[in-house]
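The basis for the numbers below is simple: all heavy atoms, side chains too, and nothing from hydrogens, waters or symmetry mates. All chains are named by letter (A, B, ...) in the order of the sequence lines, taking the proteins before the strands, and each is independently numbered beginning at 1.
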Amino acid sequence: MADYSKDEIKRIEDKWRKEWKTRGVYKVENHSDKPKYYVLDMFPYPSGAGLHVGHPLGYIASDIVSRYKRLKGFHVLHPMGFDAFGLPAEQYAIQTGQHPAVTTEKNIATYIEQLNKIGFSFDWDRKVETSDPSYYKWTQWIFMQLFNSWYTKKPVGKTEPIITLIAELEKNGNKNIDAVCDDDTPTITAADWKSFNEKAKEEFLQKYRIAYRSDTMVNWCPALGTVLSNDEVKDGVSERGGYPVERKKMWQWSMRITAYAERLLKGLDTIDWPEPVKEMQRNWIGKSVGCELDFKVEKQEGTIRVFTTRIDTIYGVTFMVLAPEHELVSKITTAEQKAEVESYVTIAKNRSERERMSEVKRISGAFTGAYVTNPFNGAKIPVWIADYVLAGYGTGAVMAVPSSDTRDYAFAKHFSLPIIDVLEGPTSDITKDNFDPKSGKMINSDSLNGLDWKEAIEVALQKVESLGIGIRKVNFRMRDAIFGRQRYWGEPFPVYYENGIPKLVDIKDLPVTLPEVDAYKPTESGEPPLARAKGWDYKGNQFEQTTMPGWAGSSWYWFRYMDPENEKEFASKEAVNYWKDVDLYIGGSEHATGHLLYSRFWCKALKDLGYVNSEEPFKKLINQGHIQGVSKFIYRLRTNSKLKKDVFISFNIAKRLSKGELSLYDKKVIKEQYPDLELDGKLITNQNVLDDSSFDGTLITYSQFNVDIDLYDETQGLNFELLKKRKPDFANSIFITDEDGKYICGSEVEKMSKSKYNVVNPDEIVDNYGADTLRVYEMFLGPLEMSKPWNTSGIDGVFKFLRRFWNLFHDQQGNVAVTDAEPSREELKVLHKTLKKIEYDIEHFSFNTSVSEFMICCNELSSMKCNKRAVLEPLTIALSSFAPHITEELWQLLGHKDSILNSTYPKWSEEYLTESSFEYPISINGKVRAKMNFALDMPKEDVEKLVLASEVVQKWSEGKPPKKVIVVQGRIVNVVL
RNA sequence: GCCCGGGUGGUGGAAUUGGUAGACACGCAGGACUUAAAAUCCUGUGAUCGCAAGGUUGUACGGGUUCAAGUCCCGUCCUGGGUACCA
């Protein structure tokens, strides 16, 4: 009756979606006598573009594992929710005036509908949304716990309630306190503490709180009156509008994640994560052991403190380098160097950290005119500033040893500074990347001479300590995490200000909900959007006006799934004790150092405070690769002055422009848009524009921007008229086409993402082939962990496989035709071989190979014309994790009333797999080196050949080696005598 | 720049982790069925020489270790992700 046709697929999938919902098969309780298994996906940000084909990749994998584990007898929690705060909704709100909550709700509805179409086994009763006040109430609550906490190092590192700190300050001051706190924390007595007024007390406590306020660097765009992410800054100007951006200090909330650095590092050894992710976290935390020491400034008061891991090389110091932002720069600079230093500082200030680091090959710096004294030998050392030294790391100052550091070496060469060898061996390799200053004995180093570098470090350290000029210090590259954003669409802080003192709102006033505002952009004076809220105050006091960052809500959400409705706690003790931690977490590797680190941090803090009982939140992690999309780019011309209209040039012109080979046509059309430009003059590229002092506005370059891929057609070029209609930003822009009138876009393969306008929607595939085909196809595409561009060319093969599987159960007329006959040994061998491989593959997250195994099995059974229940039933159960709809239907056709979800995963047996064979051991020099397997039905001459070969080997052991004996998988395949 | 991945036929990818490279699938070519098309089934398919048997070559590039290298080591190139306010 029924063929596996488009209509039939639709009927089957709709039917079972409804059935599963009414039967409530995915509902999960917080108790069971089965072992628990918690499978978590990284929840999506609900973007306006809807779910794209990259999202389901990980979700399908986790759904397969969930269903598999359930069939294997586990009590499985597999929830889904939405990371709903974020920039895109806010930007859309700024443009349209639409409240981000409205957009977000709409997007979430779309996502849920799309997700449901794919047949996931989520328990939707446990859905969480980070932007829902009933959720962010608890995000705010956790913030309050962290505000009310400090981190003591004694007796063991632990988060403690702040009241214990206050009690100790009252009693003894902070002389006995060993805590993680601000570097500039002074030592005070109990009397000092008591003499502080309320404000001074709070300022002092801020140096200890886990959540605290600090002065941090941000990208400030005066024209837009807002803070920009590094992402939003392109080539030194804002991505939107092309306005200049500068670095600026701003008071912001921060999280003292550095307190947990050591634990975050050690914890990595206890969890089953991909080694590269662990490695990235280790590098991010960046522990380095060394010391800080002071250099006295000559002819002036004061010292400069540097951090070094190589104190042994102290005699090789020939200059010192400060970060341009270092606070002493203006103080120590001599009059004659002032102009040079100031101009250098200005340039450096306006370059982002990433830019500065990515251009280390371009050496730059300025001499301050000041000198310091080497405390070991009294040598006079010039002090320079250079942007390869970062203000945020260590002390913002380094002692430069050009003979043992590549960057110092390059700097010394460039500015002709002296170089003193302090380690034996050639330094000619120093410019090479593999240069290793960790060998040889010390030379030219006075008392350190002849020591190994490791011994020298210890000797030098003791000297530093005995002279009282410095201390041993463990430094972490990781900085405290900034926890505030100058945006509207985020969690408001449960904080208000009374006489300038930050205070927490009363716990019963949670949640502090987002107020209504007349617009979602910053105020005219550059204050955050929340400053626009009228009548929004706490008992007459001003609320904190920044909001929490995107990672706030995602740093604890896995706990909320355990008990999502709870109004009294973020999750009940029983729920937390039952589910404990996540057994399997699947998500993209792009979160390696962001979300995954913050989540571990909050988990540890919550554990210390006694709210949860797991030190690590995610026991096992799998990184799914990205499904990539092909992005299209447009190219905006750029000069150093702001133009009235944006001008975009076609890819071909951009290519010629960057090579400085503009054609007559190019010059003519660009000149029409820029009448003042002298285009026959020197053309320069993005690379050297900042360097060139002759840059006077006549020189132009360009920046590239993503554009919606659906606006581009390979033959027609870009439909920029539609683009202008769709995006008001582009309404007045000019598009310069090639001579044939087409605007050609450049393209690149990159991560599929709304912000890159390159998303492909899965709905079309579900409509044409069904959800099961989409699921199996996404798994068949390749290994889960690997990134791959999206293409649908192979999808027919997967569809055909499902149809062939369906046909195994049906006769030519489409009637169900399954017999209860005994299967043959041959059929059982196919079945058990497949079951064994599939199980191995699923346990190893190798879903692409399991799909292949299913296909092979299906082909073999087809050619055997096997329609026996004893074979087909177990296979149906095994396949149900991958393709739930079709298997559920077949399960019913086989006469089962209950859902296939409640059946048991089939066991395979070795009995049907073993070959009849015997083993023949081959020993060489008395050791068994290989075993030969002879199938009983092996041709006689083959056996003879192999036995002969083995005899050769026997002889070899007696001292007559053959030229060559090649053993493959325990078999001798070739012998050369 | 720095940190972490990846590079195998026309295409997506297999390869028991050092043991006969290219499983499975797409595509393509040829054939069967059909009045015809679709669907389905069968055969072939890395390159190269050959009618064939078979030979040679072949896992980005250049070296190395090994009886044996897609796999391990060194170097180079290309490419993806992250780089602290995209999430």
Side-chain angles (χ1 to χ4, degrees), chain A residues 3 42-45 47 83 85-88 216 218-219 226-233 252 257 274-284 286 353-362 388 392 407 433-434 477-487 490 549-551 553-554 588-595 597-598 623 625-626 628 748-751 753-756 777 780-783 785-789 791-798 800-801 803-804 807 837 840 846 848-849 851-856 859 862-863 962-971 973-974 976:
Chain A
D3 191 20
M42 288 184 186
F43 58 169
Y45 171 77
S47 87
D83 192 8
F85 278 128
L87 214 43
T216 43
V218 294
N219 301 311
T226 186
V227 173
L228 299 175
S229 67
N230 284 337
D231 230 42
E232 295 170 295
V233 182
Q252 301 232 63
I257 188 172
E275 202 47 52
V277 177
K278 292 192 192 180
E279 196 56 28
M280 273 193 270
Q281 292 211 347
R282 284 190 196 105
N283 289 330
W284 183 263
E353 219 164 274
R354 204 187 300 178
E355 268 180 317
R356 280 165 57 172
M357 285 190 293
S358 62
E359 289 169 19
V360 291
K361 283 195 174 152
R362 226 178 58 203
Y388 78 90
R407 285 164 312 176
D433 289 342
N434 59 347
R477 200 183 72 92
M478 182 168 69
R479 306 196 289 261
D480 278 345
I482 297 170
F483 197 69
R485 303 192 316 174
Q486 327 288 307
R487 313 274 188 191
W551 56 271
S554 59
S589 61
E590 72 270 27
H591 298 283
T593 50
H595 161 65
L597 203 56
Y598 298 134
N623 282 132
H626 306 107
Q628 294 160 324
E748 243 170 65
V749 171
E750 51 184 3
K751 188 169 108 176
S753 149
K754 167 89 195 307
S755 63
K756 300 185 192 302
Y777 181 61
F780 183 66
L781 260 180
E785 292 96 333
M786 205 121 75
S787 292
K788 52 235 153 190
N791 89 72
T792 53
S793 63
I795 200 160
D796 276 329
V798 168
K800 279 189 217 163
F801 152 67
R803 185 166 57 195
R804 209 182 289 194
N807 288 340
K837 285 188 170 166
Y840 180 89
S846 178
N848 55 328
T849 50
V851 174
S852 292
E853 289 306 328
F854 273 122
M855 287 179 174
I856 294 167
N859 287 345
S862 286
S863 61
K963 276 193 188 134
K964 221 177 194 181
V965 180
I966 297 165
V967 182
V968 176
Q969 289 171 1
R971 290 169 187 238
V973 292
N974 194 10
V976 183

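Taking atom CZ of A:Arg477 as the reference point, atom C1' of B:rC4 lies 13 Å away to the nearest angstrom. Rounded to a whole Å, the CE atom of A:Met786 is 14 Å from the C1' atom of B:rU11. Residue A:Leu597 contributes atom CG, which lies 16 Å from atom P of B:rC4 at whole-angstrom precision. The distance from atom CZ of A:Arg485 to atom P of B:rA84 is 15 Å, rounded to the nearest whole Å. The interatomic distance linking A:Asn283 (CG) with B:rG1 (C1') rounds to 15 Å, in whole Å. A:Tyr598 places its OH atom 14 Å from the P atom of B:rG82, with the value rounded to the nearest Å. For the pair A:Phe780 CZ and B:rA23 P, the interatomic distance rounds to 12 Å; values are reported in whole Å.
Among the atoms of the strands shown, none is found under 4.0 Å from any heavy atom of A:Glu853. Residue-level contact check: A:Lys754 touches neither bases nor backbone, having no heavy atom under 4.0 Å from any strand. Nucleic acid contact for A:Gln486: base, since at least one base atom lies under 4.0 Å from a heavy atom of the residue. Nucleic acid contact for A:Met855: sugar-phosphate only, since backbone atoms but no base atoms lie under 4.0 Å from a heavy atom of the residue. Contact annotation for A:Gly588: no contact, since no heavy-atom pair falls under 4.0 Å across all strands.
For B:rG9, the O4'-C1' to base torsion is within 90° of 0; the nucleotide is therefore syn.
With A:Arg477 contributing its side chain and A:Asn283 its backbone, the two residues share a donor-acceptor pair below 3.5 Å. Put simply, the side chain of A:Gln281 gets close to the backbone of A:Ala592: a donor and an acceptor are under 3.5 Å apart.
Using the six-membered ring where Trp is involved, A:Trp551 and A:Tyr598 have ring planes that are parallel, under 30° apart on the 30 and 60° scheme.
Scanning for side chain to side chain contact (heavy atoms under 4.5 Å, CB included) contacts around A:Arg479 gives A:Glu353, with sequence neighbours left out.
The base of B:rC4 does not come close enough to the side chain of A:Glu590 for any donor and acceptor atom to sit less than 3.5 Å apart. Contact annotation: side chain of A:Arg487 to base of B:rC85, donor-acceptor pair present below 3.5 Å.
Here B:rA84 is the nucleotide among B:rC85, B:rA14, B:rA84 with the atom lying nearest to any side-chain atom of A:Trp284.
Base pairing analysis places B:rU45 opposite B:rG27; the two distances defining the Watson-Crick or G-U wobble pair are each below 3.5 Å.
Closest of all the heavy-atom pairs between A:Gln628 and A:Ser787 is NE2-CB, 3.8 Å.
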